[in-house]
Amino acid sequence: GAVVSQHPSWVICKSGTSVKIECRSLDFQATTMFWYRQFPKQSLMLMATSNEGSKATYEQGVEKDKFLINHASLTLSTLTVTSAHPEDSSFYICSARDTSGRGHEQFFGPGTRLTVL
Amino acid sequence: QQQVKQSPQSLIVQKGGISIINCAYENTAFDYFPWYQQFPGKGPALLIAIRPDVSEKKEGRFTISFNKSAKQFSLHIMDSQPGDSATYFCASLDYKLSFGAGTTVTVRA
């Protein structure tokens with residue numbers, strides 16, 4: 001099956017700093033990538049949809065200036081949490097949709113645990 | 001407002017038993033219904049999926065039943081094993097995935 005990687009798998013940072021999370025599709029090209037946030041014992045909440053070469057589309061209530069998304073190539077999207085605060089601590093998961101015709105299937109990364117002190 | 005309602009929130013089943021998780025949706029534009037399995041600290045992984053023109057799909061011990069008129073679909077895990085202990089999410093797709101709240105399944109040996 002298709003593989004999506006995320007780096008780092010976990011990160012601890014001080015309040016006020018910025019953190020960048022990378023999402024890569026390893027064996028397929030992804031025109032569209034998605035970023036989710038998941039709090040403990042809750043479901044996945046879509047934050048934004050990222051399209052290669054264009055601006056991301058953010059879900060209602062997600063601050064686009066705080067969660068910067070860049071989809072620079074067909075295999076890489078990055079999420080930067082700017083001026084992180086403890087309430088941003090969460091599990092961030094990306095997923096990618098294969099553009100080569102696998103239909104609707106989305107492949108998920110292993111997630112990044114962010115802890116803001 | 002959650003577009004996909006999932007129940008139960010949790011369930012416990014004995015090894016060898018059947019686990020059943022139910023989901024309901026309202027949006028008739030949904031045209032793809034996947035189930036995901038997630039272990040603690042990991043990303044979700046696609047388990048099985050169905051399209052609305054099919055009423056049932058089986059893959060190994062996992063079966064989706066789909067009732068288009070009732071706008072409901074369910075996951076059946078047959079012969080449940082301790083390794084199946086995980087959180088299961090149903091989802092529905094129009095242009096983006098909408099997830100259910102999740103069901104934590106515990107299989108007792």
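The sequence lines fix the lettering, A, B, ..., with proteins before strands; numbering per chain opens at 1. Everything quoted here is computed from the prediction, not taken from an experiment.
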Under a plain distance cut-off of 3.5 Å, with no hydrogens placed, do [Y] and [X] share a side-chain donor-acceptor pair?
X       : Y       : value
B:Ser80 : B:Ser19 : yes
B:Asn67 : B:Ser69 : yes
B:Gln38 : B:Thr87 : no
B:Thr63 : B:His76 : no

Just to verify, what does A:Tyr92 make a side chain to side chain donor-acceptor pair (under 3.5 Å) with, not counting sequence neighbours?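 Residues passing side chain to side chain donor-acceptor pair (under 3.5 Å) with A:Tyr92: none at all.
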
Determine yes or no for a side-chain-to-main-chain donor-acceptor pair under 3.5 angstrom, with A:Asn51 supplying the side chain and A:Ser54 the backbone.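 Between the backbone of A:Ser54 and the side chain of A:Asn51 there is no qualifying donor-acceptor contact (under 3.5 Å).
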
Side chain A:Asp27, main chain A:Val3, donor-acceptor under 3.5 Å: yes

Taking the six-membered ring for Trp and the single ring otherwise, decide whether the centroids of B:Trp35 and B:Phe62 are under 6.0 Å apart.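 Ring centroids of B:Trp35 and B:Phe62 are no less than 6.0 Å from each other.
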
Quick one: are the ring centres of A:Phe108 and A:Phe34 less than 6.0 Å apart? no

Where does [X] contact chain A at under 4.5 Å (heavy atoms): side chain, backbone, both or neither?
X       : answer
B:Tyr95 : backbone
B:Gln6  : neither
B:Pro44 : both
B:Phe89 : side chain

Could you name the residues of residues 75-85 of chain A that have a heavy atom within less than 4.5 Å of a heavy atom in chain B?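 Expected list: none.
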
Sort by residue number and list every member of residues 36-47 of chain A having a non-hydrogen atom under 4.5 Å from chain B. A:Tyr36, A:Gln38, A:Gln42, A:Ser43, A:Leu44, A:Leu46

Using a cut-off of under 4.5 Å for heavy-atom pairs, which of B:Gly102, B:Ala49, B:Pro34, B:Gly41 has the most such pairs with chain A?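 Between B:Gly102, B:Ala49, B:Pro34, B:Gly41, the count favours B:Gly41.
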
Please classify the contact of A:Glu59 with chain B as side chain, backbone, both or neither, using a heavy-atom distance under 4.5 Å. side chain

Does A:Lys20 pair with A:Glu22 as a salt bridge, N-O distance under 4.0 Å? no

If you measure from the Lys or Arg side-chain nitrogens to the Asp or Glu carboxylate oxygens, is any gap between B:Arg61 and B:Asp84 under 4.0 Å? yes

Please list all pairs meeting disulfide bond (SG atoms under 2.5 Å apart) that have one or both residues in residues 67-109 of chain B, counting only residues at least two apart or in different chains. B:Cys23-B:Cys90

